[in-house]
Amino acid sequence: MNENNITSKINIDSKDKKDIKKNKNRNENKNKNKIENKNKNSQYMTNIAIGTVTGLVNGLFGSGGGTIAVPAMVLLLGLDDHKAHATAISIILPLTIVSAFLYIRNSYVDWNITWKITLGGIAGGYLGARLLSICPAHILRRIFAGFMIFAAIRMLWV
Amino acid sequence: MMMGLILFSIGFISGIIGGMGIGGGTILIPALIIFAKTEQHIAQSVNLIYFIPTAIIALVVHIKNKRIDFKTALPIIISGIVGALAGSSLAASFSSNLLRKMFAFFLLIMGIYEMFRKPGDEAADVDEST
């Protein structure tokens with residue numbers, strides 16, 4: 001009888017301890033979830049900011065979406081380069097379709113120029129992808145950076 | 001005929017550069033304006049439309065190779081569409097001259113960034129066109 005009482009008391013004690021431990025764990029988990037939710041929320045905000053800026057620039061200048069989205073995803077979201085490149089195309093394609101639709105609706109379109117450029121572009125794009133393995137891109141990049149600066153100054157002054 | 005050849009060549013060269021991952025749009029638009037005397041809005045519209053078929057082909061390849069992070073892409077696409085609607089409407093409301101000057105300023109910053117970027121820093125490479 002006495003022994004039973006003692007063991008049941010011990011049982012209750014250990015049960016209390018377990019409960020306390022459980023509560024502690026639960027609280028820790030709650031805090032952890034809070035932090036995770038906070039991180040998740042701030043990541044969503046970052047995503048929304050990247051999207052808004054990319055869409056705005058791509059719509060306003062008809063280009064430059066990739067130039068913003070790729071480094072933003074690498075630097076702010078920690079994606080690796082290859083994934084960022086591929087993901088950027090999946091982002092810029094729908095944005096470009098929306099922008100192109102609005103340009104066409106505002107009758108800013110010249111199909112005669114567009115199809116000739118597109119034909120040349122597809123042929124050139126194929127060749128460029130092939131050339132990539134032969135010719136180092138970083139020298140070409142400097143040359144075309146030079147062209148961009150020259151063109152920019154010309155367009156600003158003329 | 002001559003103009004057609006010039007246009008094809010501009011597309012071809014921009015295509016090569018875009019295919020090598022150096023960003024075709026920032027080359028195509030100024031080339032159209034300087035060498036073919038295209039109006040600013042039209043040049044931008046050409047680049048937007050021209051990007052679509054190329055991007056579809058690239059996208060199919062990337063999806064097959066499972067290189068696309070859709071979970072990251074989705075919220076960016078949704079907010080991006082809002083940005084694209086605003087940006088395109090803004091472009092349509094500007095005069096050709098003002099838009100050209102703004103584009104030139106953007107191009108200057110991009111050019112300086114490309115020029116002084118550390119070699120081997122491939123983070124900002126852009127796969128296709130825009």
Side-chain angles (χ1 to χ4, degrees), chain A residues 44 47-48 50-52 54-56 58-63 65-67 70-71 74 77 81-83 85-87 89-96 98-100 102-103 106 108-110 113-114 116-118 120-121 123-125 127-129 132 137-138 141 144-145 148-149 151-152 155-156, chain B residues 4 7-8 11-12 14-16 18-20 22-23 25-27 29-30 41-42 44-51 54-55 58-59 62 67-69 72-73 75-77 79-81 83-84 86-88 90-92 100 103-104 106-108 110-111 114-115 119 122-124 126-128 130:
Chain A
Y44 267 121
N47 282 348
I48 288 168
I50 293 173
T52 310
T54 303
L56 207 63
N58 206 48
L60 183 59
F61 297 131
S63 61
T67 327
V70 175
V74 171
L77 302 177
D81 285 359
H82 286 282
K83 228 176 185 176
H85 277 137
T87 306
I89 296 174
S90 80
I91 293 164
I92 294 153
L93 180 61
L95 304 191
T96 300
V98 169
S99 296
L102 271 177
Y103 273 72
N106 282 302
Y108 286 124
V109 64
D110 186 330
I113 296 177
T114 305
K116 281 170 189 155
I117 292 286
T118 305
L127 187 68
L132 194 57
H138 62 271
R141 182 170 291 121
F144 286 102
M148 281 158 74
I149 295 170
M155 285 166 76
L156 275 174
Chain B
L7 290 174
F8 183 85
F12 188 70
S14 305
I16 293 177
M20 296 184 78
I22 313 179
T26 38
I27 304 286
I29 295 171
H41 291 89
I42 299 287
Q44 295 186 182
S45 135
V46 169
N47 186 57
L48 287 169
I49 300 168
Y50 149 87
F51 176 73
T54 339
L59 194 61
H62 287 317
R67 269 192 225 132
I68 293 172
D69 188 342
T72 304
I76 300 182
I77 291 171
S79 56
I81 286 173
S88 310
L90 215 58
R100 195 179 75 239
F103 180 88
F106 173 69
L107 193 64
L108 186 65
M110 287 296 156
E114 282 286 336
M115 187 65 99
E122 301 302 290
V126 182
D127 230 342
E128 310 294 320
T130 71

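Hydrogens, waters and symmetry mates play no part in the numbers below; they use all other heavy atoms, side chains included. Residue numbers start from 1 in every chain, and the chains themselves are labelled A, B, ... in the order their sequence lines are given, proteins ahead of strands.
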Checklist line | Pairs of heavy atoms under 4.5 Å with chain A: top-ranked of Ala92(B), Ala91(B), Ala84(B), Ala86(B) | finding: Ala84(B)
Check: Do you know which of Gly111(B), Gly83(B), Ser79(B) has the most heavy-atom pairs with chain A at a distance under 4.5 angstrom?
Finding: Ser79(B)
Between chain B and each of [options], count heavy-atom pairs under 4.5 Å; write down the option with the most.
| options | value |
| --- | --- |
| Tyr108(A), Tyr44(A), Tyr103(A) | Tyr108(A) |
| Ala151(A), Gly120(A), Ala145(A) | Gly120(A) |
| Asn47(A), Leu77(A), Thr114(A) | Asn47(A) |
| Val109(A), Asn106(A), Asp110(A) | Val109(A) |

Between atom [atom1] of [X] and atom [atom2] of [Y], what is the distance when rounded to the nearest 0.5 Å?
| X | Y | atom1 | atom2 | result |
| --- | --- | --- | --- | --- |
| Tyr50(B) | Ile113(A) | OH | CD1 | 14.5 Å |
| Thr67(A) | Glu114(B) | OG1 | CD | 7.5 Å |
| Lys83(A) | His62(B) | NZ | NE2 | 13.0 Å |
| Ile68(B) | Ile91(A) | CD1 | CD1 | 9.5 Å |
| Ile117(A) | Asn47(B) | CD1 | CG | 9.5 Å |
| Ile149(A) | Leu107(B) | CD1 | CG | 9.0 Å |

Note to self: Quick check on Phe103(B) against chain A: is it the side chain, the backbone, both or neither that has a heavy atom closer than 4.5 Å?
What the structure shows: both
Item checked: Under 4.5 Å from any heavy atom of chain A - which part of Ile77(B) -> both
Next item on the list: Take Phe106(B) and Leu60(A) through the test side-chain contact (heavy atoms from CB on, under 4.5 Å) and record every step on the way to the result.
Entry: CA-CA 11 Å; Phe106(B) 173 69; Leu60(A) 183 59; over 6 Å; no
Note to self: Keeping Thr52(A) on the side-chain end and Gly80(B) on the backbone end, is there a donor-acceptor pair under 3.5 Å?
What the structure shows: no
Notebook entry, point to check: With a 4.5 Å limit on heavy-atom distance, are the side chains of Ile48(A) and Ile76(B) in contact?
Noted result: no
Notebook entry, point to check: Below 4.5 Å, heavy atoms only, C-beta onward: do Met148(A) and Pro30(B) meet side chain to side chain?
Noted result: no
Check: When you check the side-chain N and O atoms of Ser88(B) and Ser99(A), is any donor under 3.5 Å from an acceptor?
Finding: yes
Notebook entry, point to check: Given Asn58(A) and Leu48(B), is the side-chain contact (heavy atoms from CB on, under 4.5 Å) satisfied, shown in steps?
Noted result: CA-CA 9 Å; Asn58(A) 206 48; Leu48(B) 287 169; 4.3 Å; yes
Checklist line | Side chain, backbone, both or neither of Leu102(A) within contact of chain B (heavy atoms, under 4.5 Å) | finding: side chain
